[in-house]
Amino acid sequence: MGVVHGEEMVLNIGPQHPATHGVLRLQVRTDGEVVSQITPYMGYLHRCFEKHSENVTYEQVIPFTDRCDYLSSMSMNFGYVVAMEKLMDIKVNNRVEHIRVVMAELQRIASHLLCTGVFGLDLGAFTPFLWALRDRERILDLFELTCGARLLYNYMWVGGLSHDIPTGFVESTFEFLDYFEPKVDELENILAHNKILVERSADIGVMPKDVAISYGVTGPNLRASGVKWDLRKNDPYSIYDKFDFDVPIGEGKKGTVGDCWDRFYVRIIEIRESVKIIRQALASMPKDGDVHQSLPKKLRPPKGSIYARTETPRGDLGYYIESDGSPIPYRVKMRSPAFTALSVLDEIGAGWLLSDVLAILGSLDIVLGEIDR
Amino acid sequence: MIKYFTDIFTAVSTITGGMFITLTHLIGAKKGIATLQYPEERWPRPERGIGFEHGRYNVIRSRLHVDMDDCIGCLKCERACPVDCIKIETEKSPDRGNDLKDINHRGITSNGTKKALVVTRFDIDMTECCYCNLCTYPCPEECIFMTGGPNGKKHPIDYEFSEPDRSDLIYRFAKPGTKEGMEKIMNEKSQVEA
Amino acid sequence: MTVDFIFDGLNQLFPEFAGNDIFLIIAMLLPVAALLGFITVYGFGVIYSEIKVSSFIQDKTGPMGQGPGLHAGKWGLLQPVADGIKLFIKEDIIPASADKPLFILAPFLIFIGALTSFIAVPFGEKIIITDMNIGIFYIIGVGSLAVIALILAGWSSNNKWALFGGMRSAAQIISYEIPAGISLVVVIMIASSLNMQEIIAYQAGGLFNWIIFDNPFMPIVFIIFFISVLAETNRTPFDLPESESELVAGFVTEYSGTRYAIFFLSEYANMFVVSAVAATAFLGGWQSPFSNFLNSPAWGVFWMMSKTFFLIFVMIWVRWTVPRLRVDQLMHLCWKVFIPIGLFNVFAVAIWIVVRGS
Amino acid sequence: MGLLTNKFQEDNVIVEKLEKLLNWSRSTSPWFFQFGTACCAIEMMAAAAPRHDIKRIGFIPRSSPRQADVMIVAGTVTMKMAIRVKKLYEQMADPKYVVAMGSCATSGGPYWQHGYHVLKGVDIVIPVDVYVPGCPPRPESLIEGLLKLEEQILEDRPLTRKMT
Amino acid sequence: MYRDFGTVFFTSIVAIIFVIVPLVIAWLVAPSNKTKEKLETYECGEVVEGSAWLQFNIRFYVIALIFLIFDVEVVFLFPWAVVFKELGLLALIEMGIFLLILVVGLAYVWVKSDLDWVKRRVRYGAGRYSKIAMDQDK
Amino acid sequence: MAEMLFWLIAALTIASAAMVVLNNQLLYSAIALLFTLFGVAGLYIYLWADFIAGVQLLVYIGGINVLIIFGIMLTNRISSIRLSQTNVQQGVGGVVSFWLLILVSMVITKTPWYQTTSAEPSSTVREVGTLLMTKYILPFEAISLLLLGALIGAALLSREAS
Amino acid sequence: MDQLNNYLFISAILFSLGVFGVMTRRNGIAVLMGVELILNSANLNFVAFSRFGGMNLDGHIFGLIVIVLAAAEAAVALAIVINIYNNLNTINVDEASTMKE
Ligand code: SF4
Ligand code: SF4
Ligand code: SF4
């Protein structure tokens, strides 16, 4: 006794599709517009990061880490150097730490800006996306001023930085922050509280706490589900324990805890928190200190292995580095946050409408470079 | 029922709020526009000092330049490159530290180092380069540079060098004719020795 | 109206052939040709202003006519022209697995729908190609051609995105036809005529005689009508059928070159028609907002145009502000918000008229 | 081929004028195919962002290949993707142009040596008109490359007989 | 009236011509290079799996059906609206009855949730964990 | 010219009506029906019934035809059999309908129809409205009941089982 | 053209075509289309009589009512067709009439 369902249709979203943020291919089964199953196919951007790491020296790995999560290269560098410094037991001086934190937080802002903008774009609001890009450009200017590159920096080195910050950097950063804060409010006003966006994202794609934890989802996605977990607070690396900031969690203001809207809004609050951290870090930055001070002459870590994790804009980034004593790593493995975020997609996305699936995908903020590596 | 009307109300108010924001952008377009008319205007290339005594220079990563007069062919840059896009071949100079007029070779670098090698081939494939800047640090003579470098005054920064033909993007820095010239010189030398 | 006018003129010019059929055909074709010219110019203009307005809203400049040899003129004024010509000389692809006859038929249908609805639009006191008795009704009726055209376009492409787009837009357009129709019913109740010119004539005498200010319910009616026609013309927030981030390009995914340009042009032409209907029905058409001031026929054209273009501007403005709705919310909005409120409006205005009239 | 393509003598004035018009329109409104695969795509977005705004010179993003003229291959093309790239290129309507943006698309870039899964240059599968170097190319470089492409289009002679 | 609608007819013809002319131009000057791959259906670069010509969901049909009924209703509203001012109260009452009966219909389909596009059954997605999550929700 | 146009429209109507019943592809039949309906609307214009013509556009073309197209797309595995369908009993059907045609034509020609000449009305819709509100008020209200029945019935029949 | 007979003939042809369709087609929706033709022919007659009977608008009213009927009929008929399709997975009318669940 059948009811007329439309036939099930197998639909390929991607690899070339405006909403997949790159070359992800989602194979969805739809019944009419309802998606009954989502199968992500990856590997369209597999660039052999781990293989490369086994073929180049330790410092040459850094440019390749850049290219994994190309939206937050600084944080990727950061994770790698933190791991390496742990492995080699290098202490860097305070100025370097401060600069690193400032850079990582600026990168977090840039990344979150893009994410919120793209989320708006996925839901059809074009303008906020461009505004977000406009402000992101200012951050890129700061990076460019520091190290000359706009997107892939190769800035943090094991034991230091490639360049010291230039004179005037602190002032321009403050200037940028002053300019930027009203813009966040504007972004929030036009996007976050817009009724249409709320309707499109609240109560959609709810990721309950235990699902998030059992899938190993981290970062803003986890926090949006109501888990107060942030490595910067819970397992502080670098000098994050010195700063005073909040870890925002999803509160389900417009719907259920852990819905798309929460994931989106947590990022906006995180932008504000990052601004706070940057202000503190800039204010307390030591005036002197050579950024090249503790650069090792030869990057040749002792035999052994290390796993270290840091908080990138997308969540826990773990590096497992195994060294056999030669200047070339024996193995570098990356635990990427976006990968777990993508794996949860079928769990929380099946059963929703096609448009919802794309909204959920947008709210998970994945970067293909990091998933496929 | 109340929710029905509050929903309508919030929809109307938030959307009008959004429209108001966009309207301010539209009206304030003169002030707010962030566009640069690129070929005519460009974003100022930031200048900075990074602590070397060479003073202020530009850090924008652009094309690699090599100052062949200064290169001693030590291959450090080639080794530093993570993608192996620098290819250097050298020949032993017959006359260490002296100029070779035939092939336009300078014997002494501007730092005063005497060159023992003649670089016969110095190719950088800019299509493979990942602009990581790693090659410029180890260079003892500071003659390969990407960012305008300490010698930045000699070469302009250029990041606009797209080409319709890929082979035009492989830059051959070795002076033209060096290889043949060297061969000739070596041949002559061996003949003389013989 | 204009047809009669030209016909009479021709008859007077050549009295020996008076009443000739050829004259009638000429009298019909002339204004239509002028209309085509108008649509083309209007299309370029409105596409240009869409690009520019959106660019300004987004803090950028939009086309500036740069490039080798200052392509698109100063301020990129010729950009839409170049776009148009380029589309016309692009390869015309009909996918092998498509249903050819229907694939070809769809652009024709949609353009016929767009163009034929134009001829009942009053541009000025005397300038209306045909002044039908059932003017407004006719425009609604012809509008339904678009539905079939879109279904055909979506279906015949044999492309899943196009199919989704076509179906969505069909469901959307037919649904929103009802709130739009109900809103117009209210207007007709007040003006007691389906004839466009009579509706406008009813609103003579300044701003406060416009139907939108006729009674306190009219602004609501107007808003419902306006949003409904937004949906009927597939503009954001109702652009689901061609939403870029979901359905690639919706029902036009497989269309290239000329055929795509026709869809594009029809969409903008429809925007004009619905704005003109809104201006006619609610904002007094070619009537001046002041009862005796600037009220000549020439100014009439000006007023009509400025009202219409203002509404078009609002459409553009809305488009670049809001996100888009989801398909079920779209239906919810139509059936559960607009239609009940629209019906309520009909009752309320009817009672208002009865009470005030007696 | 169109009926009149490559059918005329070199020195026909009307044809020359017509060609000028065609080239003008083609070079003024090259709509590009949103085809970002990796990091370079972000810079492509940045080029569309308010600061650089490639709409300024007529580049409008389209997400369906049928309506696009220029395919900007922005990012790494892997072996798995190469088939799709070719297919998408094939599905674009003529005339079509390709801009290889970034090192990866040009020659495999940083992955040319050990990247067992990276296509060593997109020109292996599709013809490329302009190579934009950089990793990622700055938006300025991209725009410069696009302007170069426009110049190339302007020099085309679509209707005159080609000397072979 | 003939003239009015004659114009409509001629306008349609003009519209057809207006579409045909650029097609002819395209036929003359546009390049045309039909390869097999080009004529394939576009599906984000993937090989197409199955035809798009599947039967699709019934919801479109239900909406079209309800639309049809209301369309007819609107059609009746028009002549009524034209004469409304002449007839006054009488027309109001008559149309009131007419509309009320139909409003009952609207209310019926509303209550029976035929107007809902999708009867969504999920809250947490339909993955493996949905049951656990749902149980917790209770 | 009006005469010519009339025959053109009549020919279009009949030809497309023939398409409707003869075409093997159901969807093409539906599209042919579209043209038939257009043709009939044109004939209404010749009969000075502009309002009815508008209703024809709105209800038949915008409503019923769309519904039929939806119905076709809903009930056919289009991918496999290309929406085709066969005719049965063509011979019998042809004979019967041809015979009917002859019969009716004979009736038409034989009957002395009552005809009067009349002037073109200024506005049909006004009179239709008045008639509906006065003379035909009962059918008018009955229609609403009919529509209600149709709505409920159709919704019931086509509802998805939950 | 200003002759009643012309319209009556056109209508007669439409009618017989409709009858032909109803008789010969097996597909339920195709049958429905035949019925629409018949209804249209009837409508044409109504309006034609109204026009030639002194512009008596009663005919228009009938036309209107017939259109409404057609709409209601189409809605219900298609709903039935869909229902049959649901249950029997065919919409060929004669199959449907013989198949029993
Ligand atoms: S910049 Fe990096 S990739 Fe380029 S040549 Fe230098 S070291 Fe190699
Ligand atoms: S490191 Fe400097 S000196 Fe040595 S080979 Fe390279 S460019 Fe020449
Ligand atoms: S060229 Fe560089 S920036 Fe571009 S995709 Fe390749 S690695 Fe990324």
Under 4.5 Å heavy-atom distance to chain F, tell me which part of G/Leu8 shows up: side chain, backbone, both or neither. both
Side chain, backbone, both or neither: which part of F/Thr36 has a non-hydrogen atom closer than 4.5 Å to chain G? side chain
Highest number of heavy-atom pairs under 4.5 Å with chain F among G/Val19, G/Ile65, G/Val22, G/Leu64 belongs to G/Leu64
What option among F/Leu147, F/Ile143, F/Leu131 has the most heavy-atom pairs under 4.5 Å with chain G? F/Leu131
Relative to chain G, which segment of F/Ile14 carries a heavy atom at a distance below 4.5 Å: side chain, backbone, both, or neither? both
Need one label for F/Leu100: side chain, backbone, both or neither, based on atoms under 4.5 Å from any heavy atom in chain G. side chain
What residue, out of F/Phe98, F/Tyr136, F/Trp99, F/Phe51, has the most heavy-atom pairs lying under 4.5 Å from chain G? F/Tyr136
Just give me the residue among F/Val96, F/Leu151, F/Leu103 that pairs up with chain G most often, heavy atom to heavy atom, under 4.5 Å. F/Val96
Which heavy atom in G/Ile10 sits nearest to a heavy atom in F/Ala10, and how many Å separate them? CD1-CB, 3.5 Å
Residue part contacting chain F, namely of G/Leu32, when any heavy atom lies under 4.5 Å: side chain
Heavy-atom check, side chain of G/Leu44 versus side chain of F/Val40, under 4.5 Å: yes
Can you tell which part of F/Phe140 gets under 4.5 Å to a heavy atom of chain G, answering side chain, backbone, both or neither? neither
Scanning both residues in full, the closest heavy-atom pair of F/Leu67 with G/Ala75 reads CD2-CA, 3.9 Å
How close do F/Val59 and G/Ala71 get, heavy atom to heavy atom, and via which atoms? CG1-CB, 4.1 Å
Kindly indicate, with the supporting measurements, whether the criterion side chain to side chain contact (heavy atoms under 4.5 Å, CB included) is fulfilled by F/Ile52 and G/Phe46. CA-CA 11 Å; F/Ile52 300 292; G/Phe46 278 130; over 6 Å; no
Report the residues that fulfil side chain to side chain donor-acceptor pair (under 3.5 Å) with G/Ser41, sequence neighbours left out, ordered by chain and then residue number. none
Side-chain heavy-atom pair G/Met33, F/Leu26 within 4.5 angstrom cut-off: yes
Chain G contact via F/Ala30 - side chain, backbone, both or neither, heavy atoms under 4.5 Å: both
Proximity of G/Tyr7 and F/Phe6 rings by center, below 6.0 Å: yes
Might you point out which heavy atoms bring F/Ile64 and G/Ala74 nearest each other, and give the distance in Å? CG2-CB, 3.8 Å
Greatest number of non-hydrogen atom pairs under 4.5 angstrom with chain F, of G/Gly18, G/Gly34, G/Gly63, G/Ala48, falls to G/Ala48
Considering only heavy atoms, which portion of G/Leu37 lies under 4.5 Å from any heavy atom of chain F: side chain, backbone, both, or neither? side chain
Please list, chain by chain and in numerical order, all residues satisfying side chain to side chain donor-acceptor pair (under 3.5 Å) with F/Asn65, sequence neighbours excluded. none
Of the backbone (N, CA, C, O) and the side chain (C-beta and beyond), which part of G/Phe62 lies under 4.5 Å from a heavy atom of chain F, both, or neither? side chain
Quick one: what part of G/Glu36 sits under 4.5 Å from any heavy atom of chain F, side chain, backbone, both or neither? both
Are side-chain heavy atoms of F/Phe70 and G/Leu78 found at a separation under 4.5 Å? no
Using non-hydrogen atoms only, which part of G/Leu14 is less than 4.5 Å away from chain F: side chain, backbone, both, or neither? side chain
